[in-house]
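Throughout, residue positions are numbered sequentially from 1 according to the sequence presented.
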Amino acid sequence: MKSVSARGCAGGAGIGALFAAVFVDVAYASDGDGPSWPLAATLLLGGVAVLWPAARHPRRLTPQLRTTVPAVASLVCTVDSVARSGVLFGPGELAILLCLLFVAVRHCPRNWVVACAALDGAAVLALPVRPFLAEQDTMLGFMLIGLLLVGLTIAFAAYLRSQDYRRTVAVSETRRAERLAIAADLHDFVAHHVTGILVQTQVARMMADTGAEELDPVLAGIERAATEALASMRRTVGVLRDTDDAADRRPVGDLAGIAGLIDGFASPIQKATLHRGTAVPDDLPHEVQAAAFRVVQEALTNVRRHAGDATQVTVGLRYERARLQVSVSDDGRGGSQLPAAAHGGGFGLVGLKERVTALGGELHAGPRAEYGWEVRAVFPG
């Protein structure tokens, strides 16, 4: 059995109260010479505009149409009432007009808000004219009450509209930031693997005249790197098409994945070694592990791009004084045989520094004392 929520109960109570108020209006109108057809039309149009579920509105029934037509009908009813001398106004019509005023301020487009709200407000303020046209003091008193109700309704609707706008902006900024982060991840993964394909292709060309046994591991590395690049792009495109599962399918890494990076980096020319301290815990925060993975990935990619003559790359992981230290060093002298277009624009380290500093860490990248290059990052654990 489906349970009834408090919001559903409140909505049902509101609808019931509105029907009761409309019934009072109809009873007032029946006390005269006969039914007031303009009032009946106003109540019917206003009731439909207020109670018609928003999810089932046809496209032509815009908020400005919903709020202006009943207001115009109410003003016509007021003019007819003055001509007939004495048709009373009741709580039902007042409640409907205030609800429509709320809809106008909160949901109408910007260029329609003022016009629709003014029309609904005018219809509310014109209600006391019907029975109290000859009693100026009483009419002005009821108009002041109507003005107060109009002001409160506008203020409440404007506050909710501002909250809706802030929520929309926050969601938009969050999605934009997430997509930028996904784009950065795509760059990190694909650049790493594609650079590996370039390097290993060059090695394969140099080894083309050697035996098939030596060439086969290089070709296998090319195949593996290409497969990983395609998988990374497929995951990222899947995230961009369906943001609901972005957190689950976004390509990430951790400390355990660093060993796989190093295995994929190694080639017959370049050797890579991982030195992981025994004190490095496995339960570090996920964002720290992912950032450490990115540091190693970007550093290895830069070795391939800018230090093609490096023969030994050393990756170190240490944990001291509740801080994780990640270092990647090579013995290259800056030689690279990659095409100029594959060298990159230097944005990888910039994005990497932003990622590290966002976690309260520090990043250093520069030449070593003798020769080679080192990238070192420190994260709070």
Side-chain angles (χ1 to χ4, degrees), residues 10-52 61 63-108 112-161:
I15 293 174
L18 185 61
F19 272 110
V22 169
F23 178 78
V24 172
D25 283 21
V26 174
Y28 280 167
S30 299
D31 290 341
D33 298 333
S36 174
W37 296 113
L39 177 60
T42 301
L43 295 176
L44 179 61
L45 291 173
V48 170
V50 171
L51 299 178
W52 198 338
L61 188 59
Q64 49 268 39
L65 188 62
R66 290 175 58 198
T67 55
T68 54
V69 172
V72 170
S74 178
L75 291 174
V76 171
C77 182
T78 298
V79 174
D80 177 73
S81 175
V82 171
R84 297 176 57 183
S85 302
V87 176
L88 299 177
F89 73 93
E93 186 177 0
L94 175 62
I96 288 174
L97 291 174
L98 290 176
C99 289
L100 295 177
L101 175 63
F102 177 89
V103 172
V105 175
R106 186 176 183 185
H107 298 295
C108 280
W112 283 90
V113 170
V114 175
C116 295
L119 195 59
D120 288 315
V124 171
L125 297 180
L127 291 179
V129 175
R130 299 177 187 176
F132 304 116
L133 182 60
E135 304 174 19
Q136 297 293 323
D137 293 340
T138 304
M139 184 181 69
L140 290 177
F142 274 100
M143 282 186 172
L144 287 176
I145 296 175
L147 185 62
L148 177 62
L149 293 176
V150 167
L152 291 175
T153 302
I154 291 176
F156 183 52
Y159 169 75
L160 293 181
R161 186 183 182 112

Requested in this report: Over all heavy atoms of both residues, which pair between Leu119 and Val72 is shortest? Give the atoms and the distance, please.
Outcome: CD2-CG2, 3.7 Å
Requested in this report: Determine whether Arg130 and Cys77 make a side-chain contact, defined as any pair of heavy atoms from C-beta on separated by less than 4.5 Å.
Outcome: yes
Query raised in the report: To the nearest 0.5 Å, how far apart are CD in Glu135 and CG in Leu140?
Result: 11.5 Å
Query raised in the report: Can you list the steps and then say if Leu97 with Leu127 is a side-chain contact (heavy atoms from CB on, under 4.5 Å)?
Result: CA-CA 10 Å; Leu97 291 174; Leu127 291 179; 4.2 Å; yes
Requested in this report: Over all heavy atoms of both residues, which pair between Leu125 and Met143 is shortest? Give the atoms and the distance, please.
Outcome: O-CE, 3.4 Å
Query - Beyond-backbone contact of Leu101 with Thr67, side-chain heavy atoms, under 4.5 angstrom - result: no
Query raised in the report: Which heavy atom of Thr78 sits nearest a heavy atom of Ala126, and at what distance?
Result: CG2-O, 3.5 Å
Query raised in the report: Can you find a pair of side-chain heavy atoms, one from Val124 and one from Leu149, that are under 4.5 Å apart?
Result: no
Requested in this report: For Ser74 and Thr42, work out which heavy atoms get closest and say how close.
Outcome: N-OG1, 3.5 Å
Query raised in the report: Between Arg106 (side chain) and Ala157 (backbone), is there a donor-acceptor pair under 3.5 Å?
Result: no
Requested in this report: Determine the minimum heavy-atom distance between Trp52 and Leu61, stating which atoms define it.
Outcome: CE3-CD2, 3.5 Å
**Report entry** Closest heavy-atom pair and its distance - Ala71, Ala123
**Finding:** O-CB, 3.9 Å
